[in-house]
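Once you've had a glance at the structure underneath, I'll fire off some questions.
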Amino acid sequence: MIEKREIEKLAFLSRIRLDNKDAKEIREDLESILGYVQKLKNVNTEDVEPLFHFPELKNVVREDKPCTVNRETQKEMMRMGKDKDDYLKVESIL
Amino acid sequence: MNQYCNKNMVATTIKETQEKLRKGEISYKELLSGFLSRIKERNEETNALLSVMEKQSEKIKNVSSELPLYGAVFAIKDNILIKGESCTAGSKLLEHYRAPFDATVIEKIRRNGGVFIGKANMDEFAMGSSSENSAFGEIRNPYDLEKVPGGSSGGCAVAVKDGMCNAALGSDTGGSIRQPAAFCGVVGFKPTYGTVSRYGVISMASSFDQVGPFANSVEDAQLIFETIRGKDEKDSVTSNFEKKEAPKSIKVGIPEEYFVEGMEKEVEDAIKEAISKIEKNDIEVVNVNLPHTEYALPAYEIIMASEVSANMARYDGIRYGLEFDRPAAKSIEEAYLKNRGGGFGKEARRRIILGTYTLSAGYYDAYYIKAQKVRNLIASDFSDAFKKVDVILAPATPTLPFNIGEKVEDPLSMHLSDIFTVTSNLAGLPALSIPCGERKGLPVGMQVIGDRFNEDILFHVSKKLEKIWKK
C-alpha cells in the first residue's frame, strides 16, 4: 500500500505537479505495478552481482577543455529560447 | 491485408529500388516524388509521420550509385536528431525544439548515400507499447486502422509498411523496434547493446537504449546496420567487433518458458506452425531453457523506470522544454513543478514517479539492486543457452495487434505486451523480428535472438528463415 502522502512526496521529489485526480490514478497504477514486481522476491540472488553494465564496454574520458560553438549552431540554439545579446535567458536558479 | 497496403508503392526493398534505379526504370526524382505522394495520400489516416522533409527531398537530384545506401529513403524516429529539423520525441515539451546537430547515425547514413523523407511519430520519449502516448495523436495500423501499430517506434513501422519510404531508423529500449515491426508485418532489428552510437538520440533508459533499422527484408536491415554500427568516441559504450564465420549447420533453440499462459491462441498457433516449417528445412531445432524468463519483465520495469527518472530530469523548462505560466511562478521550485507537471504525458509521469520511488533511500536495495541482480541471472541463462545453439527463436509479442484504446487505462496489461522482448534488452542481445505468418488478417512476428556481438550469424540464419516463412 502506498500512502497518499507518499505519492505527494514522490511527485514533489520528481518535480511534477499532480492534481488530486492524477495523484489518485498514479497511486493506483503504482500499486498495481509494484504488486507485480514483488515476484522478484522469489528469486534467490545470494552471491549474485548486480549487472549495471556489460564488462567489455569501457568508459572513455577526454580532457575537459572549453570549445567554441560555430555561429550557425549557436543561432539554431538561440531560436529555442529568449536571447539577450549572445546569451540565453533563463529563470534564475539560485 | 488492408486494401491500401502495397498499392501504388514505388518499391518495397532497398535492393529492389537500387536495381530499378540502375536499370533506369525509375529516376531518383520519381522515387522521391513517389514516396512523397504516398505520404500525402496516407499520412492523414495513419499519422505515422510528424514532419515531412519535402523541400529537402526535392533538392536531392541524384546520389552516387556506388554508395551502399543508394536508393534508401528513410523515415527517422522523432527522438533522433537531424540538424535543423524539429525533434519532439512525441512530447509537448519539445514541440518547438530544433536539432542543432546531426546524430552520429544520421551522419553515417548521409555519408553512405541514404536520404531522409520525414520524422516518425512515436510514444512520448519512447515510453509505450502502442503509439497511443504521442502528444501529437495516436498512430494507426495500416492492416486495420482500428488497431494499434505497436510502439514506441510505431510511426517507423507504419511508414515502411505503408510505402512512405523503404527504410526507417527507430530505437528499442524494451521492444520498441521489434514489437511494432511484428504488429505491422515488417522486419525490425535491435542490435547488440554497444554496437550503434546513441550520440544525438534522446535518451530513455541508457543501459538498454539501442538504435536499429526497420526494413522490408532481413537483407536490407543488415545493409543499414552495417552502415550505422561501429565505435563512436561520442557514445562511451560503443565498441567494434570482429566478423564471425557463419556455422555450416544451423542449430536453433526454442525456449519453453516463452510458451506460457497469457499468449493468444492465434499467435501461439502461428509461431508453432512457423517453427514446424523450419524443421523440414535441414535446420536442427532443439529445446533450450531460460529459467528466469518470468522475472524479466518485473526486473525491466524497475531498472527502466529508475533510469527514466534520471534521464527525464533535464526537461525542466530551463535546460530543455516548455515554460508554463512563467510569470506566475514564484520560485524556481514552483516553475519546475509547473513545467514538468504540465509538459509530461501520463505514462511519462507514471514512470518518472515509479523510478523516483525505486531509487529512494530505503527502497533502493529492495528494488533497484535486486532487479540488477536478477538481470545478471537472465543474462547468464542466455550465455548458457548459446553454448548449445546458434540462435534462439521466440514469439515477438503475446498477442495480435490490439484495438486502439483497449489497454490505455491499464498500464500493467500494456506493459505485458513487451514480455517477450525485454529479455534481449536486459541481456544486451541482438534480436530481429521477422514476419512469420498471419492470423485473422493480421501479422505475427517471430523473434530471432543472437548472442552478443554475433550479428553476422544472426543475419545468416534469419535470411534462411525469412525465405522459408515467405513461401
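A, B, ... follow the sequence lines: proteins, then strands. Residue 1 opens every chain. Computed from a predicted model, the values in this text were never measured in an experiment.
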Spatial distance of atom CZ (Arg27(A)) from atom CD1 (Ile353(B)) [nearest 0.5 Å]: 13.0 Å
Taking NZ in Lys39(A) as the centre, count heavy atoms belonging to other residues, nucleotides or ligands within less than 6.0 Å. Is the count above 12? yes
Do Lys41(A) side-chain atoms and Ala366(B) backbone N/O form a donor-acceptor pair below 3.5 Å? no
Quick one: CG on Leu412(B) to CD on Glu31(A), what's the gap to the nearest 0.5 Å? 13.0 Å
Engaged part of Phe101(B) at the chain A interface, taking heavy atoms whose separation is under 4.5 Å: neither
Is any side-chain heavy atom of Asp410(B) closer than 4.5 Å to a side-chain heavy atom of Asp29(A)? no
Thinking salt bridges, do Glu49(A) and Lys373(B) make one under a 4.0 Å N-O criterion? no
At a 4.5 Å cut-off on heavy atoms, which part of Tyr368(B) comes close to chain A: side chain, backbone, both, or neither? side chain
Using a cut-off of 6.0 Å, state whether more than 12 heavy atoms not belonging to Tyr36(A) lie near its atom OH. yes
Near Gln38(A) CD, under 6.0 Å, is it more than 12 heavy atoms from other residues, nucleotides or ligands? yes
So which part of Glu28(A) gets closer than 4.5 Å to some heavy atom of chain B, the side chain, the backbone, both or neither? neither
Largest heavy-atom contact set with chain A, pairs under 4.5 Å, which of Ile369(B), Asp235(B), Thr358(B), Leu297(B): Leu297(B)
Nearest non-hydrogen partners of Ser14(A) and Thr356(B), listed with the distance: OG-OG1, 2.9 Å
Determine whether Leu337(B) and Ile16(A) satisfy the following criterion, side-chain contact (heavy atoms from CB on, under 4.5 Å), listing intermediate values before the conclusion. CA-CA 5 Å; Leu337(B) 285 164; Ile16(A) 288 177; 5.7 Å; no
Evaluate the side-chain proximity of Ser207(B) to Leu51(A): yes if any heavy-atom separation is below 4.5 Å, no if none is. no
Between Asp316(B) and Arg15(A), does a side-chain contact (heavy atoms from CB on, under 4.5 Å) hold up when you go through it step by step? CA-CA 9 Å; Asp316(B) 54 14; Arg15(A) 299 290 187 269; over 6 Å; no
Run the side-chain contact (heavy atoms from CB on, under 4.5 Å) check on Val374(B) and Val48(A) step by step: do they pass? CA-CA 8 Å; Val374(B) 173; Val48(A) 180; over 6 Å; no
Let me know if Phe241(B) has heavy atoms under 4.5 Å from chain A in its side chain, its backbone, both or neither. neither
What part of Ser309(B) gets closer than 4.5 Å to chain A, counting heavy atoms only: side chain, backbone, both or neither? neither
More than 12 heavy atoms from other groups under 6.0 Å of CG on Asn20(A): no
Quick one: does Tyr357(B)'s side chain get under 4.5 Å of Leu13(A)'s, heavy atoms only? no
So Ile303(B) and Phe52(A), do their side chains get closer than 4.5 Å, heavy atoms only? no
Tyr367(B) side chain near Leu40(A) side chain, heavy-atom distance below 4.5 Å: no
What residue, out of Glu233(B), Glu301(B), His292(B), Glu333(B), has the most heavy-atom pairs lying under 4.5 Å from chain A? Glu333(B)
Could you look at Ala427(B) and say if it's the side chain, the backbone, both or neither that has a heavy atom under 4.5 Å from chain A? backbone
Tell me, for Leu416(B) versus chain A, whether the close heavy atoms (under 4.5 Å) come from the side chain, the backbone, both or neither. side chain
May I ask you to say whether Lys346(B) pairs ionically with Glu25(A), meaning some side-chain N is under 4.0 Å from a carboxylate O? yes
Counting heavy-atom pairs under 4.5 Å with chain B, the top scorer among Asn44(A), Leu34(A), Leu18(A), Ile33(A) is Leu34(A)
Lys231(B) versus chain A, heavy atoms under 4.5 Å apart: side chain, backbone, both or neither? side chain
Which portion of Ile26(A) sits near chain B, non-hydrogen atoms under 4.5 angstrom: side chain
Tell me whether Asp22(A) is salt-bridged to Arg349(B), with the criterion being a basic N under 4.0 Å from an acidic carboxylate O. yes
Can you tell me how far the NZ atom of Lys9(A) sits from the OG atom of Ser360(B), to the nearest 0.5 Å? 7.0 Å
Any Phe54(A) side-chain heavy atom under 4.5 Å of Arg452(B) side chain: yes
So for Ile302(B), is it side chain, backbone, both, or neither that comes closer than 4.5 Å to the heavy atoms of chain A? side chain
Any side-chain heavy-atom pair from Arg17(A) and Arg340(B) closer than 4.5 angstrom? no
